[in-house]
Engineer: 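Pasting in a structure now, in structure tokens, and then I'll have a few things to ask.
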Amino acid sequence: MITAIESLERWERTFSQDDATPLREMFTDDFVMIDSDGNRQTLDEVEVWATGEDFHIGDFEIVHDDDHCCCGTHSVTLDGRNNGKVLFFALKSGDRISLWKIQRTPPA
């Protein structure tokens, strides 16, 4: 079963290396991401976004992680600048993730 930390590390690898392979390997074929504005994105759309921006995440704090879901927070930098904090929630399906929901706070 994929853990919250493993999934966040895969996000960071994708952002750092502009390679969506780590995401494709952990998400289900019908994966959906929902952003802070309620917009839904497919895996293909997330791949384009995640490999096209200079994002980095860190300061992982896991609130909950079990076989069904996980949630927590992490920091975000964009183009080397603090871009706030993100609360994430993910639904797991077997050994993969089927839904990733984020709520971003604005930078301080």
Side-chain angles (χ1 to χ4, degrees):
M1 181 63 56
I2 191 161
T3 67
I5 292 293
E6 289 169 331
S7 62
L8 292 167
E9 289 171 345
R10 286 175 178 262
W11 276 107
E12 177 53 30
R13 267 199 315 275
T14 294
F15 292 140
S16 297
Q17 299 170 3
D18 290 333
D19 176 9
T21 303
L23 296 184
R24 287 206 168 271
E25 291 173 345
M26 80 168 169
F27 293 146
T28 60
D29 293 338
D30 61 348
F31 168 80
V32 173
M33 179 172 171
I34 304 172
D35 69 18
S36 297
D37 297 324
N39 299 313
R40 294 164 124 13
Q41 295 179 321
T42 65
L43 178 53
D44 289 337
E45 293 166 326
V46 168
E47 177 179 345
V48 170
W49 165 77
T51 58
E53 299 279 350
D54 187 22
F55 275 107
H56 293 282
I57 62 173
D59 304 320
F60 306 150
E61 292 185 32
I62 306 307
V63 175
H64 178 81
D65 192 1
D66 66 21
D67 290 347
H68 306 288
C69 65
C70 60
C71 63
T73 63
H74 62 78
S75 62
V76 174
T77 59
L78 175 60
D79 297 326
R81 293 185 316 265
N82 175 10
N83 204 35
K85 200 161 187 117
V86 169
L87 171 70
F88 73 91
F89 172 81
L91 285 178
K92 298 178 183 182
S93 178
D95 61 349
R96 293 182 171 218
I97 293 174
S98 60
L99 173 98
W100 194 274
K101 168 72 173 107
I102 64 166
Q103 187 64 46
R104 187 182 314 185
T105 63

Engineer: Could you go through Phe88 and Leu8, starting from their C-alpha distance and side-chain angles, then the distance that decides it, and tell me whether this counts as side-chain contact (heavy atoms from CB on, under 4.5 Å)?
Structural biologist: CA-CA 10 Å; Phe88 73 91; Leu8 292 167; 3.8 Å; yes
Engineer: Closest approach of Gly80 and Asp54, non-hydrogen atoms and distance?
Structural biologist: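 In this case the closest contact between Gly80 and Asp54 is N-OD2, 4.4 Å.
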Engineer: Would Val48 end up clustered with Leu43 when hydrophobic side chains under 4.5 Å apart are linked, directly or stepwise?
Structural biologist: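 Not linked; separate clusters.
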Engineer: Does Leu99 form a side-chain contact (heavy atoms from CB on, under 4.5 Å) with Ile34? I'd like the steps, not just the answer.
Structural biologist: CA-CA 8 Å; Leu99 173 98; Ile34 304 172; 3.8 Å; yes
Engineer: For residues Leu91 and Val46: do they belong to one hydrophobic cluster (side chain heavy atoms under 4.5 Å, members Ile, Leu, Val, Met, Phe, Trp, Tyr)?
Structural biologist: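 The answer is no; the residues belong to distinct hydrophobic clusters.
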Engineer: Who passes ring pair (Phe, Tyr, Trp, His ring centres under 6.0 Å) against Phe27, sequence neighbours left out?
Structural biologist: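 Ring pair (Phe, Tyr, Trp, His ring centres under 6.0 Å) check on Phe27 returns Trp11, Phe31.
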Engineer: Of all the heavy-atom pairs spanning Pro22 and Arg10, show the shortest one and how long it is.
Structural biologist: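 For Pro22 and Arg10, the tightest heavy-atom pair comes out as O-NH1, 2.9 Å.
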Engineer: Which heavy-atom pair separates Gly94 from Met1 by the least distance, and what is that distance?
Structural biologist: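 Nearest heavy atoms, Gly94 then Met1: O-CE, 2.6 Å.
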Engineer: Please check if the number of heavy atoms outside Arg13 that lie under 6.0 Å from its CZ is greater than 12.
Structural biologist: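 Atom CZ in Arg13 is crowded, with more than 12 foreign heavy atoms closer than 6.0 Å.
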Engineer: Please round to the nearest 0.5 Å and tell me the distance separating atom CG of Asn39 and atom CD of Glu45.
Structural biologist: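 That separation rounds to 10.0 Å.
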Engineer: How long is the span from the CD atom in Glu61 to the CD1 atom in Ile5, to the nearest 0.5 Å?
Structural biologist: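 Between Glu61 CD and Ile5 CD1, I get 10.0 Å after rounding to 0.5 Å.
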Engineer: Counting N and O atoms only, with roles assigned by atom type, does the side chain of Lys101 sit under 3.5 Å from a partner on the main chain of Asp35, one being a donor and the other an acceptor?
Structural biologist: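 The answer is yes, because a donor-acceptor pair under 3.5 Å joins these two groups.
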Engineer: Can you label the angle between the Phe15 ring and the Phe55 ring as parallel, tilted or perpendicular, going by 30° and 60°?
Structural biologist: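 Judged by the thresholds at 30° and 60°, the geometry between Phe15 and Phe55 is tilted.
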Engineer: I'd like to know if the side chain of Asp19 reaches the main chain of Thr21, judged simply by a donor and an acceptor atom lying under 3.5 Å from each other, with no hydrogens or angles considered.
Structural biologist: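 Pair found, side chain donor or acceptor close to backbone of Thr21.
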Engineer: Which heavy atom in Ile102 sits nearest to a heavy atom in Met33, and how many Å separate them?
Structural biologist: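 It is CD1-CE, 3.8 Å.
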Engineer: How long is the gap from CD on Gln103 to OG on Ser36, to the nearest 0.5 Å?
Structural biologist: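 Here the interatomic distance stands at 4.0 Å.
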Engineer: Could you grab the distance from atom CD of Glu9 to atom OG1 of Thr14, nearest 0.5 Å is fine?
Structural biologist: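 Here the rounded value is 12.0 Å.
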Engineer: Of all residues at least two apart in sequence or in a different chain, which pass the side-chain hydrogen bond (donor to acceptor under 3.5 Å, both in side chains) check with Asp66?
Structural biologist: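 Partners of Asp66 by the side-chain hydrogen bond (donor to acceptor under 3.5 Å, both in side chains) criterion, ordered by chain and then number, come out as His64.
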Engineer: Considering all heavy atoms of both residues, which atom of Ala50 and which atom of Asp18 are nearest to each other, and what is their separation?
Structural biologist: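 The answer is O-OD1, 4.5 Å.
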Engineer: Closer than 3.5 angstrom, by distance alone: can the side chain of Thr28 be matched with the main-chain N or O of Arg96 as a donor-acceptor pair?
Structural biologist: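 No, Thr28 side chain to Arg96 backbone: no donor-acceptor pair under 3.5 Å.
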Engineer: Set out, in order, the CA-CA distance, both residues' side-chain angles and the distance that settles side-chain contact (heavy atoms from CB on, under 4.5 Å) for Glu47 and Leu23, then state yes or no.
Structural biologist: CA-CA 8 Å; Glu47 177 179 345; Leu23 296 184; 6.0 Å; no
Engineer: What is the distance from atom CG of Asp29 to atom CZ of Arg24, rounded to the nearest 0.5 Å?
Structural biologist: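 Asp29 CG to Arg24 CZ: 9.0 Å, rounded to 0.5 Å.
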Engineer: With rounding to the nearest 0.5 angstrom, report the NE2 to NE2 distance, His74 to His56.
Structural biologist: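 Reported to 0.5 Å precision, the distance equals 13.5 Å.
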Engineer: Would you confirm whether Thr105, through its side chain, and Gly84, through its main-chain N or O, come within 3.5 Å as a donor-acceptor pair?
Structural biologist: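 No; zero donor-acceptor contacts below 3.5 Å.
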Engineer: Sequence neighbours excluded, which residues qualify as side-chain hydrogen bond (donor to acceptor under 3.5 Å, both in side chains) partners of Thr51?
Structural biologist: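 None.
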Engineer: Between the side chain of Asp65 and the main-chain N/O of Ala4, is any donor-acceptor distance below 3.5 Å?
Structural biologist: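 Side chain of Asp65 to backbone of Ala4, a donor-acceptor pair under 3.5 Å: yes, one is there.
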Engineer: Where the side chain of Lys92 meets the backbone of Ile2, is there a donor-acceptor pair that is under 3.5 Å apart?
Structural biologist: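 Yes, the answer is positive, given that a donor and an acceptor are paired below the 3.5 Å cut-off.
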Engineer: So do the side chains of Leu87 and Val63 get within less than 4.5 Å of each other, counting heavy atoms only?
Structural biologist: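 A side-chain contact is absent here, since even the closest heavy-atom pair is not under 4.5 Å.
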Engineer: Give the intermediate values and the outcome of side-chain contact (heavy atoms from CB on, under 4.5 Å) for residues Val86 and Ile57.
Structural biologist: CA-CA 9 Å; Val86 169; Ile57 62 173; over 6 Å; no
Engineer: Would you say the side chains of Asp44 and Thr42 form a donor-acceptor pair under 3.5 Å?
Structural biologist: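 No donor-acceptor contact under 3.5 Å links the two side chains.
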